[in-house]
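Right, one structure below, let's go through it.
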Amino acid sequence: MKQAWNDFNDARDQDRPKPEERVTSEDLKDRLHGRLREALEYLFPNGRVRNGKFYVGDVRGNKGDSLVVDLSGAKIGMWYDFATSEGGDILALWGAVLGLDPHTRFPDIVSSVQEWLGGPVRPMTRKSIGESEDLGKPAAKWDYLDRHGNLIACVYRYDTPDGKEFRPWDVKTRRRRAPEPRPLYNQPGIAKSNVIVLVEGEKCADALISLGICATTAMNGANAPVEKTDWSPLYGKQVVLWPDNDEAGRHYAETVVEKLRGAGVTAISILIPPDGKPEGWDVADAVKEGMDVPAFLASANRAAFTLSSPGLPAFSVGHLLDDESLMPDDIIAPRVLTPGGLLVLGGAPKVGKTDFLLCMLAHMAAGLPFLGMRPAKPLKIFYFQAEIGYHYLRERLRAVSFDRNFLPLVRQNLVITPQVRMLLDEEGVELVRGAILQHFDPKLLDIIAIDPLRNVYDGAGENDNTEMLTFLQNRVEKLRFLVNPDLGVILAHHTKKIGKRVLEEDPFQGLSGAGSLRSFYSTGMILFRPNEQDSVRQLMFELRNGEGIPPKFVDKIDGRWREIERHSERLVNKDYGERLDADRERRNDVILTILREEALKGKLYSPSAFSEAFENESGLASTYAIRERISVLATKGYIKFNKGKKTARSKYGEMCIEGMLLPDKDGNVDANGEILVRPILPTHFKHPQSGALLPVENPAVWVYPEEDTP
């Protein structure tokens, strides 16, 4: 029978309840209970279902499992937050999310629920869950998810006397219509696969997915408007179209091919159905017949098409602002290594880079934090190292202090090459890829580490930025793409010999080929000794995808790398340390003086604005160094913050210090003709232990937190 698509735009008018029809809270709850999981996914995109219950961190929707909602049974819709001891029914939860008290703002909660449900609520007639008022109970339902598993839309199928009708639900707009643009089905599967089979309809896609074959469909199958469908998840994929065996299917496949030829797919072809199959024969029929589908996909005749050059992905600001999908999980938090990211660990010879990297990778393989860096899980790592021979590698590994409870994970998840004498040229890329495939499923590999870059570099010179960029693009990125485009890469690299002062103020400029490396990597880490006579190293970070991480002082003690407290007493070279402290105090005085003088000119600054305005001015160094010193001054209480209306969107607002004065904004003067001034009082301060921004109790009284800290 003919398939009918109904976007609910032509559905019959929904009559308003008659005056005598009183809608009760039970009616409203029954409606929500009928779509409870959908409602919870709308309220809490970070939530998850486990063992018949819905879990989320709190009413603000943070990740976690403190807040639990019953999805069925006598307690359906009831929730309890074990962290706050709060709970109630689904309406109380809805109000908690919106910040509405159900005792005083219940009408507002009702209005919000009605809006989400798509119109006024009628008293319930006790129809079965999921039953449509005009078509009855749906025969099937398919969820459309983004690549991270967040619900985008649902499609319901109804079997009617006139044929099948499909009705969509747009989760974002909470309306009975298809989203704009229309998403592809099975996006989490698409993200993990290189070859995608595009079929007609969710039923056919599910048939292939049940066989372990990645499949997708456009919403509404062959009737899908090609121009209104978001094909971007197929970028960089090989696409095989399996149309239904009819004229409509063939026409649809040809239309999609024309759309995808310039959309960045790497290959595209159309399967030709076997001879003798009836009109309308499709994927589901093939599975039902018991066909060896994988064999058919491998051997079937197909029409291949020439592709245009890959398209350049670009998105409007509106698209980016409206995209509410979750951020991908860090491979190593906080934003040290992100999916598809490149981390460069630099340092001078003999500073301990290889030992540091080996210990770091062992922790990551075990799922353990290392010097504040946290893996998302026990990571699978291929460590391509080209310095240490087999026997000495064994010796070094046995000297590492492993936690015996986690050693099995390290043994399984970390694979290391002994010293190899080869370049990472075209042949080398294939050799490394082959070695990886012997040990790991490429879809499950998390990190490729290369140590050191110098030993495998096939360019003319490391300090040649053009040669370095070519190596990064044609070797490192090619290897990543051939294995798994989402894995992270770590490169160990050396620094040039430069002065300690430059190394302290902008250490990442010391990397050989720094110009290309810094424009290409997502994270830089530098390990160096502030004092050659001291074993303590300083570890510095430069993050492209996250907020800055304060420098750390680290040392290897009893076989373990440990962070040294910056305020600990110096046991070695006290004079050198005191000179460094004096220089820092001088910079502190400069910053405070500038803030006071600029305020008298009527200028106030946020930390970022100040760092940019006074970079390399008045004896100050880089923006990074200035921000670091401002952070220390704020922690000590010398700098606090004023968050007024005009700085409401700023994280910190404008900086202020004790005794800071600002000229009268109207230019009023006193009896002597001097412009009147007024003090700038803080509204917030930075907590010395947690770093959180908290309100001050009494703005008129200036308190220095470090003096009150025992």
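All values below come from the heavy atoms of this structure, side chains included, with hydrogens, waters and symmetry mates left out. Owing to the predicted nature of the structure, the values given are computational and were not obtained by experimental measurement.
The closest side-chain heavy-atom distance from Met660 to Pro679 is not below 4.5 Å. Side-chain contact between Leu661 and Ile680: absent, with no pair of heavy atoms (C-beta onward) separated by less than 4.5 Å. Here the side chains of Gln509 and Arg518 are in contact, with some heavy-atom distance below 4.5 Å. With a 4.5 Å cut-off on side-chain heavy atoms, Ile564 and Val554 do not count as touching. Side-chain contact between Phe610 and Leu620 is present, with heavy atoms from C-beta onward closer than 4.5 Å. No side-chain heavy atom of Thr523 sits under 4.5 Å from any side-chain heavy atom of Leu337. Residues Glu477 and Leu472 form no side-chain contact, since every pair of their non-hydrogen atoms from C-beta on lies 4.5 Å or further apart. You'll find the side chain of Asn413 stays beyond 4.5 Å of the side chain of Ile381, heavy atoms only.
Checked by atom type, the side-chain pair Asn46/Lys63 shows no donor-acceptor distance below 3.5 Å. Using modelled atom types, one finds a donor on one side chain and an acceptor on the other under 3.5 Å when comparing Tyr521 with Glu542. Counting only N and O atoms by type, the side chains of Arg454 and His493 include no donor and acceptor under 3.5 Å apart. Side-chain atoms of Asp555 and Ser535 form a donor-acceptor pair, as typed in the model, at a separation below 3.5 Å. For the residue pair His494/Glu462, the side-chain donor-acceptor check at 3.5 Å is satisfied. In this structure, a donor-acceptor pair under 3.5 Å is present between the side chains of Asp81 and Ser66. With hydrogens and angles left out, the side-chain atoms of Ser622 and Asn616 include no donor and acceptor closer than 3.5 Å.
Residue Asp451 is tested with Leu357, Ile490, Leu345, Ile388 for a side chain to side chain contact (heavy atoms under 4.5 Å, CB included); the sole match is Leu357. The only member of Leu527, Thr495, Ile526 that meets side chain to side chain contact (heavy atoms under 4.5 Å, CB included) when paired with Val351 is Leu527. The one candidate from Leu423, Asp458, Asp425 that meets the side chain to side chain contact (heavy atoms under 4.5 Å, CB included) condition with Phe471 is Asp458.
Within a 6.0 Å sphere centred on CZ of Arg60, other residues, nucleotides and ligands contribute 12 heavy atoms or fewer. Shown here is Lys603, whose NZ atom has no more than 12 heavy atoms of other residues, nucleotides or ligands within 6.0 Å.
The backbone N or O of Gly513 lies less than 3.5 Å from no partner atom in the side chain of Ser516, so there is not a single donor-acceptor pair. Between the Arg396 side chain and the Leu358 main chain, no donor and acceptor come within less than 3.5 Å of each other. In this structure, Arg475 contributes its side chain and Leu424 its backbone to a donor-acceptor pair below 3.5 Å. Between the side chain of Asn455 and the backbone N or O of Ala386, at least one donor-acceptor pair lies under 3.5 Å. Put simply, the side chain of Asn642 gets close to the backbone of Leu681: a donor and an acceptor are under 3.5 Å apart. In this structure, Asp330 contributes its side chain and Pro334 its backbone to no donor-acceptor pair below 3.5 Å. No donor-acceptor distance shorter than 3.5 angstrom exists from the side chain of Thr623 to the backbone of Glu615, with no hydrogens or angles considered.
The minimum heavy-atom distance between Lys353 and Ala348, with the atom names listed, is NZ-O, 3.5 Å. The two residues Leu487 and Val489 have their closest heavy-atom pair at CD1-CG2, 3.9 Å. Closest heavy-atom contact between Ser522 and Gly341: OG-CA, 3.5 Å. Minimum interatomic distance between Gly653 and Pro607 (heavy atoms only, all atoms of both residues): O-CD, 3.9 Å. For the residue pair Gly459 and Glu467, the shortest heavy atom distance occurs at CA-OE1, 3.5 Å. Taking both residues in full, the closest heavy atoms of Pro663 and Arg678 are given as O-NE, 4.5 Å, listed atom of the first, atom of the second, then distance.
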Determine, stepwise, if the pair Ile657 / Tyr638 fulfils side chain to side chain contact (heavy atoms under 4.5 Å, CB included). CA-CA 6 Å; Ile657 63 176; Tyr638 293 109; 5.9 Å; no

With salt bridge (charged side-chain N to carboxylate O under 4.0 Å, His left out) as the criterion, how do Asp329 and Lys377 come out once you've worked through the C-alpha distance, each side chain's angles and the decisive distance to 0.1 Å? CA-CA 10 Å; Asp329 291 333; Lys377 59 180 181 178; over 6 Å; no

The test is side chain to side chain contact (heavy atoms under 4.5 Å, CB included); show your working for Leu67 and Thr84 and say whether it passes. CA-CA 9 Å; Leu67 193 153; Thr84 64; over 6 Å; no

If you apply the rule side chain to side chain donor-acceptor pair (under 3.5 Å), what do you find for Asn545 with Thr338, and how did you get there? CA-CA 8 Å; Asn545 293 336; Thr338 52; 3.0 Å; yes

Side chain to side chain contact (heavy atoms under 4.5 Å, CB included) between Met468 and Phe520, worked out: CA-CA 10 Å; Met468 177 62 74; Phe520 204 86; over 6 Å; no

Would Asp446 and Lys380 count as a salt bridge (charged side-chain N to carboxylate O under 4.0 Å, His left out) here? Give the steps. CA-CA 5 Å; Asp446 297 296; Lys380 296 186 181 299; over 6 Å; no

Could you go through the side chain to side chain contact (heavy atoms under 4.5 Å, CB included) check for Ile591 and Leu595 one step at a time? CA-CA 6 Å; Ile591 291 174; Leu595 286 174; 4.2 Å; yes

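Classified by interplanar angle (parallel below 30°, tilted 30° to 60°, perpendicular above 60°), the ring pair Trp561/Phe356 is perpendicular. The aromatic rings of His363 and Phe370 are tilted relative to each other, their planes meeting at an angle between 30° and 60°.
The distance from atom CG of Leu694 to atom NE2 of His684, rounded to the nearest 0.5 Å, is 8.0 Å. Distance OH/Tyr652 to OG/Ser631: 6.5 Å, rounded to 0.5 Å. Expressed to the nearest 0.5 Å, how far CD1 of Ile448 lies from CZ of Arg480 amounts to 8.0 Å. Remark: Cys656 SG to Tyr605 OH distance equals 15.0 Å, nearest 0.5 Å. Here CG of Leu371 is found 11.0 Å from CD1 of Ile549. Values are rounded to the nearest 0.5 Å. The distance from the CG atom of Leu343 to the CZ atom of Arg335 is 14.5 Å, given to the nearest 0.5 Å.
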